[in-house]
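Working notes, structure below.
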Amino acid sequence: MGKTVSDELRHEVLRANLRIPEAGLATLTWGNVSGVDRDAGVFVIKPSGVSYDVLGEEHLVVVALEDGRVVEGDLRPSTDTETHRSLYRAFPSIGGITHTHSTHAVAFAQACRSIPVLGTTHADTFNGPVPVTAALTAQQCAEDYEYNTGQVIVDLLGGDDARAREVPGALVAHHGPFTWGADATKSLEHAVVCEAVAEMALHTLALGTVVPPQHLLDRHFTRKHGPGAYYGNPGRV
Ligand SMILES: O=C(CO)[C@@H](O)[C@H](O)COP(=O)(O)O
């Protein structure tokens with residue numbers, strides 16, 4: 001079978017995966033990045049359990065958006081593959097997805113608290129708190145757990161693609177952050193920002209929170225992304 005995805009997409013997905021340890025976002029192999037080719041109806045994702053220091057383009061796995069079948073690749077795709085697939089199918093603007101277990105974002109996920117907007121660093125990327133999902137139900141865990149891990153994010157955002165563009169990430173309760181973007185590279189960059197603002201928020205909350213003025217937050221988001229509807233309650237956790 002000929003190659004199902006471009007060399008460019010493979011290279012971009014590999015590079016984004018290798019930036020997970022470079023950015024200090026993962027312990028062991030606790031993170032994965034994918035990129036989608038919607039015209040081909042597939043996405044490329046990191047194989048499960050493969051260490052970043054041996055990861056190569058030849059290890060990446062190509063998966064069908066429609067039903068999750070492996071269409072190319074010899075290794076088992078990431079355990080989070082169905083979560084990625086669930087998000088790609090719900091939000092058409094998403095071109096890439098990153099999942100990590102980065103320490104400070106996971107702390108908020110484990111506390112079931114959103115990452116509040118406490119400053120312009122956050123507002124530059126996320127037009128609202130990085131929200132946290134409800135915990136998966138026993139049934140959601142028993143059936144299609146990984147797909148449902150994506151569905152709780154979809155439910156959290158109301159399936160709203162516009163909101164997914166303005167707040168390109170969410171915390172899965174008791175688990176960790178998923179971020180996304182126009183491509184794999186942007187999704188990784190959003191994962192870096194998510195972890196950075198989670199750490200900043202944790203320190204700010206310890207010092208005593210001062211809710212930033214809305215006009216300041218709006219100015220920072222809109223100067224980079226254009227006008228948008230502001231979601232969420234600034235500073236409320
Ligand atoms: O969320 C999890 C585990 O809770 C995963 O992200 C693993 O930490 C990485 O799994 P693979 O991508 O190696 O299958």
Side-chain angles (χ1 to χ4, degrees), residues 9-10 12-36 42-65 68-88 94 96-112 115 130-138 140-154 156 168-181 184-185 187-188 190-192 194-195 198:
L9 179 58
R10 283 175 182 278
E12 181 186 18
V13 170
L14 175 67
R15 272 300 309 142
N17 274 284
L18 297 181
R19 287 176 66 185
I20 288 179
E22 289 171 7
L25 297 180
T27 303
L28 299 177
T29 64
W30 300 345
N32 40 73
V33 184
S34 69
V36 72
V42 297
F43 60 99
V44 189
I45 193 163
K46 179 183 176 293
S48 183
V50 176
S51 173
Y52 302 104
D53 54 15
V54 298
L55 186 65
E57 287 186 24
E58 69 278 16
H59 300 134
L60 299 177
V61 184
V62 182
V63 178
L65 273 175
R69 273 178 312 106
V70 172
V71 297
E72 193 178 324
D74 304 323
L75 300 176
R76 194 163 53 88
S78 167
T79 50
D80 299 306
T81 297
E82 279 295 279
T83 306
H84 289 234
R85 190 170 76 88
S86 166
L87 294 173
Y88 283 129
I94 287 179
I97 298 169
T98 294
H99 169 53
T100 77
H101 286 229
S102 61
T103 302
H104 298 88
V106 167
F108 277 92
Q110 292 182 160
C112 294
I115 303 172
V130 179
V132 64
T133 70
L136 275 78
T137 64
Q140 287 174 320
C141 286
E143 300 162 13
D144 296 329
Y145 169 65
E146 285 78 17
Y147 198 85
N148 285 328
T149 298
Q151 282 306 111
V152 291
I153 295 175
V154 175
L156 180 67
L171 307 176
V172 176
H174 312 296
H175 185 163
F178 284 81
T179 56
W180 49 83
T185 305
S187 75
L188 183 281
H190 292 156
V192 172
C194 181
E195 173 57 16

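Worth saying up front: this structure is predicted, and the values here are computed from it rather than measured. We count ligands from 1, going down the list as the structure has it; atoms in each ligand are counted the same way.
Distance alone, capped at 3.5 Å, is enough to place a donor-acceptor pair between the T149 side chain and the Y145 backbone. Looking only at distances, a side-chain donor or acceptor of N17 sits under 3.5 Å from a matching main-chain atom of V33. Under a 3.5 Å cut-off, the side chain of E195 and the backbone N or O of H104 do form a donor-acceptor pair.
The two atoms that bring I97 and H84 nearest to each other are CD1-O, 3.4 Å, heavy atoms only.
Of all the listed residues (V106, T79, V33), T79 holds the heavy atom that lies closest to atom 10 (O) of ligand 1.
With V63 as the fixed residue, the side chain to side chain contact (heavy atoms under 4.5 Å, CB included) test singles out one of V71, V44, T81, V42: T81.
In this structure, the side chains of S34 and V13 stay at 4.5 Å or more apart for every pair of heavy atoms.
With respect to atom 13 (O) of ligand 1, the closest heavy atom belonging to the protein is G49 N, 2.8 Å. Nearest protein heavy-atom contact of atom 12 (O) of ligand 1 is S78 OG, 2.7 Å. Here the protein heavy atom with the shortest distance to atom 9 (C) of ligand 1 is T29 O, 3.4 Å.
Taking distance alone, with nitrogen or oxygen atoms compared against 3.5 Å, W30 stays at or beyond that limit from ligand 1. Considering backbone and side-chain atoms together, G31 places no N or O closer than 3.5 Å to any N or O of ligand 1.
Taking a 4.0 Å cut-off on heavy atoms, H101 registers as neighbouring ligand 1.
Between H99 and F178, the angle of the ring planes stays under 30°, which puts this pair in the parallel group of the 30/60° scheme.
At a 4.0 Å heavy-atom cut-off, ligand 1 touches D80 through the side chain alone. At a 4.0 Å heavy-atom cut-off, ligand 1 touches N32 through the side chain alone.
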